Enquirer: 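Sharing a structure with you now.
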Amino acid sequence: MAEILFPALFVLLALGLPVAFAMAISVFVALSFGSSYPNLVVVKEMFSGLDSFPLLAVPFFILAAEIMTGGAVTLAMLRLAQSLVGHLKGGLGHANVVSSAMFAGISGSALADAAGPGTMMIRMMEKGGYGRAYAGALTISSSVVGPIIPPSITMIIYAMQDQQVSVGSLFMAGVLPGILITAAVLLANARVSHKRGYASGAPMPPLAEIARIALYALPALMLVVLIVGGIRFGVFTPTEASVIAVFYALFVGMFIYRSLRVADLPAIILRAALVSGAVLLILGAARAFAWVLIIEGVPQFLAETIIAWDLSPIVFLLAVNALLLVFGLFMDPLPGVMILVPILAPISFALGIDPDHFAIIVIVNLTLGLTTPPVGSLIFVVSSAVNIKPSALIKEMPPFFIALMGALLLITFIPALSTWLPMLSGF
């Protein structure tokens, strides 16, 4: 079946089918021509992949993000980011990066980062004299922190695939790598801005003004503190945290920013339902795909083969980086986690690699795949949102991709970046 499964998947992806449909159809093809299993097994496995209580956190976090991404909340974070770094050379670009990091603490998604504040910042940067393609490439790169800084949908799915980690420990593990990635993109923007002469365009506001803007944005930024703090101190589980996040978002939107009306809720719920449906369809198809690999013994075979090579942990991690970067060219992070983590995580654990450290390496690698063609979902989201050709965006990506790769290598070679906060927090 595995000999049929992968060629069928690559052919379907090459034909332009969405990832979820490509995976599900390739499983049907593998069962039809490579086994005696009934096709009904595919439906059963897809349902089994979604029949999980912790998975309820995904639609609730998506709903909370949709509620919080109203105009007032997004503008508050953009104003705060601009007040903090807008006076520097390349200031609007810096504000783009910082606002993405702030928004990551609400959305948990790279695509939401790019489609929300990222799109607004591209237009602001273009008015400020930046090239539209450069602004788009910067938005693509800065949005990578979406699944790294908690809360993160990808981390929730990862924790379901690897029993050695918890959602809480992964949330804490992602904080420092997320800050590092943000710093790397800031440095790349500073270098390009200095080379091209992108000016700041605005003086530094008085400290009192910065404090007032920060106070206004504080209710939105407190969401991540509420989620991570509540999970860390055992007040609620990650699934319960997602529900609390929804009610907190409603409270902030209706009573603090007063930008959310009851009449807005049906459209918000519909958008969240559509996004959740797309995510869950991918997860169900990935579960069926992974089931074929498991019954064919692929994970066991790969594990035994790699362990027999007697690789050192560092060599293994470098090999994993190369594998995941190639895999990310063709597959989105969520199915990548569902398919690869059950194979790779036990091997890394057997080699003595910290599970939280390995999880962050996997998540960062697969998220970088969103910035690279031919799939590169972030490229196409930004391209369609602000009417830029994908080729123009790709031409501006090299400085940022180099910065992101540098951050990935630091995360790989310095485990403490991923393990210090979880250990400090008692996970």
Side-chain angles (χ1 to χ4, degrees), residues 2 6 23 45 48-49 52 54-55 57-58 147-148 150 152-174 177 238 282-283 285-328 331-369 408-409 411-423 427:
F6 284 103
M23 286 192 295
E45 290 300 322
S48 298
S52 170
L55 202 57
V58 172
I148 313 301
S152 165
I153 294 170
T154 307
M155 289 179 180
I156 295 171
I157 304 305
Y158 189 103
M160 294 174 60
Q161 309 305 313
D162 184 2
Q163 301 304 313
Q164 301 294 331
V165 299
S166 66
V167 174
S169 70
L170 289 184
F171 279 6
M172 296 304 298
I282 290 174
L283 295 179
R287 167 60 183 261
F289 194 94
W291 171 80
V292 173
L293 299 180
I294 291 170
I295 64 171
E296 288 285 271
V298 173
Q300 298 90 324
F301 171 76
L302 289 177
E304 292 171 0
T305 302
I306 294 173
I307 291 174
W309 290 344
D310 195 25
L311 300 176
S312 69
I314 286 296
V315 174
F316 171 74
L317 289 178
L318 291 175
V320 166
N321 280 335
L323 170 67
L324 294 178
L325 287 172
V326 172
F327 190 87
M331 191 70 71
D332 286 339
L334 292 182
V337 167
M338 295 280 288
I339 294 169
L340 294 177
V341 170
I343 298 173
L344 298 175
I347 303 173
S348 72
F349 187 70
L351 292 174
I353 299 169
D354 184 272
D356 287 323
H357 179 213
F358 185 74
I360 296 301
I361 289 173
V362 171
I363 293 169
V364 171
N365 267 290
L366 292 175
T367 305
L368 288 180
L408 174 61
L409 289 175
I411 293 168
T412 301
F413 286 110
I414 307 176
L417 288 171
S418 307
T419 60
W420 181 65
L421 278 181
M423 287 190 295
F427 287 105

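Since the model is a prediction, treat every value here as computed from it, not as a measurement.
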Enquirer: As an exercise, state the distance from CG of L409 to CG of L317, rounded to the nearest 0.5 Å.
Expert: 11.0 Å
Enquirer: Could you check if a side-chain atom of I157 sits within less than 4.5 angstrom of a side-chain atom of V58, using non-hydrogen atoms only?
Expert: yes
Enquirer: With sequence neighbours excluded, what pairs up with T154 under the side chain to side chain donor-acceptor pair (under 3.5 Å) test?
Expert: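 T154: no side chain to side chain donor-acceptor pair (under 3.5 Å) contacts found.
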Enquirer: At what distance, to the nearest 0.5 angstrom, does OG1 of T419 lie from CD1 of I353?
Expert: 12.5 Å
Enquirer: Taking distance alone, no hydrogens or angles, what donor-acceptor pairs closer than 3.5 Å link side-chain atoms of residues 338-345 to residues at least two apart or in another chain?
Expert:
none

Enquirer: Restricting to ring pair (Phe, Tyr, Trp, His ring centres under 6.0 Å), what partner residues turn up for F413, sequence neighbours left out?
Expert: none
Enquirer: Would you check if the side chain of T412 reaches a backbone N or O of L408 as a donor-acceptor pair within less than 3.5 Å?
Expert: yes
Enquirer: Mind listing the closest non-hydrogen atom pair of I363 and M155 along with its distance?
Expert: CD1-CG, 3.7 Å
Enquirer: Return the CG to CD1 distance between L366 and I361, rounded to the nearest 0.5 Å.
Expert: 12.0 Å
Enquirer: Can you name the closest pair of heavy atoms from P355 and F349 and give their distance?
Expert: CG-CD1, 4.0 Å
Enquirer: side-chain hydrogen bond (donor to acceptor under 3.5 Å, both in side chains): which pairs involve residues 353-366, sequence neighbours left out?
Expert: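 Non-adjacent pairs meeting side-chain hydrogen bond (donor to acceptor under 3.5 Å, both in side chains): S169-D356, N321-N365.
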Enquirer: State, to 0.1 Å, how close A159 and V165 come at their nearest heavy-atom pair, and which atoms those are.
Expert: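 So the two residues come closest at CA-CG2, 4.0 Å.
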Enquirer: For V320 and F358: C-alpha separation, side-chain torsions, deciding distance, then whether side-chain contact (heavy atoms from CB on, under 4.5 Å) applies.
Expert: CA-CA 10 Å; V320 166; F358 185 74; 4.0 Å; yes
Enquirer: What are the two closest non-hydrogen atoms of P177 and L417, and how far apart are they?
Expert: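 So the two residues come closest at CD-O, 3.3 Å.
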Enquirer: Using the side chain to side chain contact (heavy atoms under 4.5 Å, CB included) criterion, which residues pair with Q163? Sequence neighbours excluded.
Expert: none
Enquirer: How many angstroms lie between atom CD of E45 and atom CD1 of I295, to the nearest 0.5 angstrom?
Expert: 8.0 Å
Enquirer: Got more than 12 heavy atoms from elsewhere within 6.0 Å of CZ, F327?
Expert: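 Check passes, neighbour count above 12.
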Enquirer: In terms of relative ring orientation, are F289 and F6 parallel, tilted or perpendicular, with 30° and 60° separating the classes?
Expert: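 Perpendicular.
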Enquirer: Can you name the side chain to side chain contact (heavy atoms under 4.5 Å, CB included) partners of P335, sequence neighbours left out?
Expert: V19, M23, I282, A286, M331, D332
Enquirer: Quick check: closest heavy atoms across Y158 and V337, and the distance to 0.1 Å?
Expert: CA-CG1, 3.6 Å
Enquirer: Looking only at heavy atoms, what is the nearest atom pair of L324 and V362, with distance?
Expert: CD1-CA, 3.7 Å
